[in-house]
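Worksheet: the structure to be examined is printed underneath.
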Amino acid sequence: MDEDSDDIVAPKKVKRKPKPQGKKRKGSQLKPDDAAEDGGEEATASPRKKKRAPKLEPVYVIPDVEKRTTTFKGRLGYACLNTILRNKKPATDVVFCSRTCRLDTIKEKGIDFVKDLGVKNVEDLLTIIEWNEANNIRFMRISSDMFPFASHSLHGYPLDYCAPLLARVGELALKYNHRLTTHPGQYTQLGSPKKEVIAAAVRELKYHSEMLDLMGIDKDGVMIVHGGGVYGDKEAALERIKDTIANVLPQNVRDRLVLENDEICYSASDLLPICESLLIPLVFDYHHDALNPSLPRTEIISRANEIFRKRGIKPKQHLSEAREGAETLMEKRKHSARCKMLPEDLPDDMDLMIEAKDKEQAVLQLYRTYDLHPVIHGTVLVLVASSPSFNLTP
DNA sequence: TGTTGTCAAGCAGAG
DNA sequence: CTCTGCTTGACAACA
């Protein structure tokens, strides 16, 4: 689907998936799982090699991108996961920040096991930030899974045990002028009519705040959440959201909170009034706005940026694109692997989070498209052949 | 090593 | 009603 993939010369061995037509998986069936039609078929071509084949050197090719120009001067970032570091081989070398476990495992191994996962996640975050710096990326979203179950009603735990390590993350980010933000998940419902749901949302936000506070991150370290559900009455839900923000959230949590327009329930014009009245910034998401439009983009952006300005927070926005060939609303919600271009109305001085399956590769592609930063040959496309998106077909 | 089913949490929309 | 999608991934069990 993504032209990108077509250009890639994959590492020499491309394996065909066995395709065991066994049990029906409960997930979607619509992904024929082999999109390796990129010409990497020489895979099976060497059946008779007796000397144990030395590890094949992958062939890295940087495909051409269509060149474009921009006056954009902000940072581009990616969310949570670095595909190169996540897929390092051997498996013991992988670097990622979302180690987690099951509830059963907590019962089995105890909470200290879980807290150790958090330590490993934070250690790896240091590595990722170093990688980012080496590759001219200075903006990323921290995984909400950094500390598994930290906000859980029964198993939750404070993060102070990890304070020194978290402080190192903040110091490193500061050293590189690297912005770190968070995006608590879809279960974070500030406007639910159910008390327990709100309580869980507040715990989740407190956890994220605690993490950022212990890192010593400044006010640019925001936490982005959506409006959430409407429960059949949007006005009433908005009132509850407003009440939660104004009267329930502790000040340090509220200080980091920002709202984001979504593609189903709350458009930018739904959120702007409460954002403006509470001085909660609005993160504008171009993709969501395209699916759930309201006011003219330029108006949304200028009003949103005014809130950021008043709060002294560097503005940020989200960019993603729908999968190619998406027809229905549901299909269009899915993110594409890359972003082909920056939006028309993108202000120059702005941090832009790229939400794409290929993560940092999508950022690097935009770097190349617009000549924003040099891209190191070898970090591009190193593993695209095995990245999840590579197997996605439209 | 890879594959497969399942996993903390909430909601809305499609079929 | 069930399945899907959301920041979408990762664990666990087994081959």
- Message: Any side-chain N or O of A/Arg99 below 4.0 angstrom from OP1/OP2 of C/dG9?
- Response: no
Quick note, salt bridge (Lys or Arg N to Asp or Glu O under 4.0 Å) partners involving residues 126-148 of chain A, not counting sequence neighbours, are A/Glu133-A/Arg138, A/Arg141-A/Glu355
Numerically ordered, the residues 254-270 of chain A set in heavy-atom contact under 4.0 Å with DNA chain B is A/Ile264, A/Cys265
Is the shortest side-chain heavy-atom distance between A/Cys97 and A/Ile142 below 4.5 Å? no
To the nearest angstrom, the CZ-P distance between A/Arg333 and C/dT7 comes to 7 Å
note: A/Lys107, atom NZ; B/dA8, atom P; distance rounded to Å ~ 8 Å
### Query
Would A/Met223 and A/Met140 show up in the same hydrophobic cluster when neighbours are defined by side-chain heavy atoms closer than 4.5 Å?
yes
- prompt: Are more than 12 heavy atoms from other residues, nucleotides or ligands located less than 6.0 Å from atom CD of A/Glu108?
  reply: yes
Worksheet item: Roughly how far apart, to the nearest Å, are C/dG9 and B/dC11 at atom P?
Response: 24 Å
Rounded to whole Å, CG of A/Asn121 lies from P of C/dC11 at a distance of 9 Å
Taken to the nearest whole Å, NZ/A/Lys88 to P/B/dT1 is 15 Å
So with a 6.0 Å cut-off around CG of A/Asp349, is the heavy-atom count from everything else above 12?
-> no
Taken to the nearest whole Å, CG/A/Asp285 to P/C/dC6 is 12 Å
Original post:
When you check the phosphate oxygens OP1 and OP2 of C/dT7, does a side-chain N or O of A/His288 lie under 4.0 Å from one of them?
Top reply: yes
Classify A/Lys359 by what it touches in the nucleic acid, base, sugar-phosphate, or nothing, heavy-atom distance under 4.0 Å. sugar-phosphate
The ring-ring contact (aromatic ring centres under 6.0 Å, His included) partners of A/Phe96 (sequence neighbours excluded) come to none
(Q) Please determine whether a side-chain nitrogen of the Lys or Arg among A/Glu306 and A/Arg303 lies less than 4.0 Å from a carboxylate oxygen of the Asp or Glu. (A) no
Compile the donor-acceptor pairs under 3.5 Å between side chains in residues 153-163 of chain A and protein atoms, sequence neighbours left out, one pair per line.
unit_1   : atom_1 : unit_2   : atom_2 : d
A/Tyr157 : OH     : A/Pro148 : O      : 2.8
A/Tyr161 : OH     : A/Lys115 : O      : 2.7

ring-ring contact (aromatic ring centres under 6.0 Å, His included) filter on A/Phe284, not counting sequence neighbours, yields A/Tyr286
Rounded C1' spacing from C/dC6 to B/dA8 in Å: 15 Å
Inspect the surroundings of CZ in A/Arg311 and state if more than 12 heavy atoms from other residues, nucleotides or ligands are less than 6.0 Å away. yes
Sugar-phosphate, base or nothing in reach of A/His155, heavy atoms under 4.0 Å | nothing
Residue pair A/Asn252, A/Ser209: steps toward the side-chain hydrogen bond (donor to acceptor under 3.5 Å, both in side chains) verdict:
CA-CA 7 Å; A/Asn252 70 315; A/Ser209 290; 4.7 Å; no
Say you pick atom P in B/dT4 and the same atom in C/dT7; how far apart are they, in whole Å? 27 Å
(message) Heavy atoms only, 4.0 Å cut-off, all strands: where does A/Leu81 land among base, sugar-phosphate and nothing?
(response) sugar-phosphate
Per nearest nucleotide of DNA chain C, the residue lying toward the 5' end, A/Arg141 or A/Leu117, is A/Arg141
note: A/Leu154, atom CG; B/dA8, atom P; distance rounded to Å ~ 13 Å
Residues pairing under ring-ring contact (aromatic ring centres under 6.0 Å, His included) where one sits in residues 218-241 of chain A, two or more places apart or in two chains, turn out to be A/His183-A/His226, A/His226-A/His288
Contact check, residues 194-201 of chain A vs DNA chain C, heavy-atom distance under 4.0 Å, returns none
Out of B/dG10, C/dG9, C/dC6, minimum distance to the side chain of A/Lys334 belongs to C/dC6
All N/O contacts under 3.5 Å from nucleotides 12-15 of chain C to the protein, with atom names and distances to one decimal?
unit_1 : atom_1 : unit_2   : atom_2 : d
C/dA12 : OP1    : A/Thr105 : OG1    : 2.2

The correct set of residues in residues 182-193 of chain A placing a heavy atom under 4.0 Å from DNA chain B is A/Gln186, A/Tyr187, A/Gln189, A/Ser192
Taken to the nearest whole Å, CD1/A/Ile224 to P/C/dC6 is 17 Å
From CG of A/Leu291 across to C1' of B/dA14 the rounded distance in Å is 15 Å
State, without any angle test, whether A/Ser267 and A/Asp270 hold a side-chain donor-acceptor pair at a distance under 3.5 Å. yes
Check your understanding: Looking at A/Arg240 and A/Asp243, does any basic side-chain N land under 4.0 Å from a carboxylate oxygen?
Key -> no
Residues at least two apart in sequence or cross-chain that pass ring-ring contact (aromatic ring centres under 6.0 Å, His included) with A/Tyr187, listed by chain then number, are none
Base-paired stretches in DNA chain B with three or more consecutive Watson-Crick or G-U pairs, both distances under 3.5 Å, amount to B:1-7 with C:9-15, B:10-15 with C:1-6
Given the P atoms of C/dT2 and B/dT6, what is the spacing between them in whole Å? 16 Å
**Request:** State whether A/Asp220 and A/Lys316 are salt-bridged, where the test is any N-O pair (Lys NZ or Arg NE/NH1/NH2 against Asp/Glu carboxylate O) under 4.0 Å.
**Result:** no
Across all chains, not counting sequence neighbours, the side-chain hydrogen bond (donor to acceptor under 3.5 Å, both in side chains) partners of A/Lys67 are A/Asp371
### Message
Please tell me whether A/Asp345 and A/Thr298 have a donor and an acceptor in their side chains that are separated by less than 3.5 angstrom.
### Response
no
Quiz item: Any side-chain N or O of A/Ser144 less than 4.0 Å from the OP1 or OP2 oxygen of C/dT7?
Solution: no
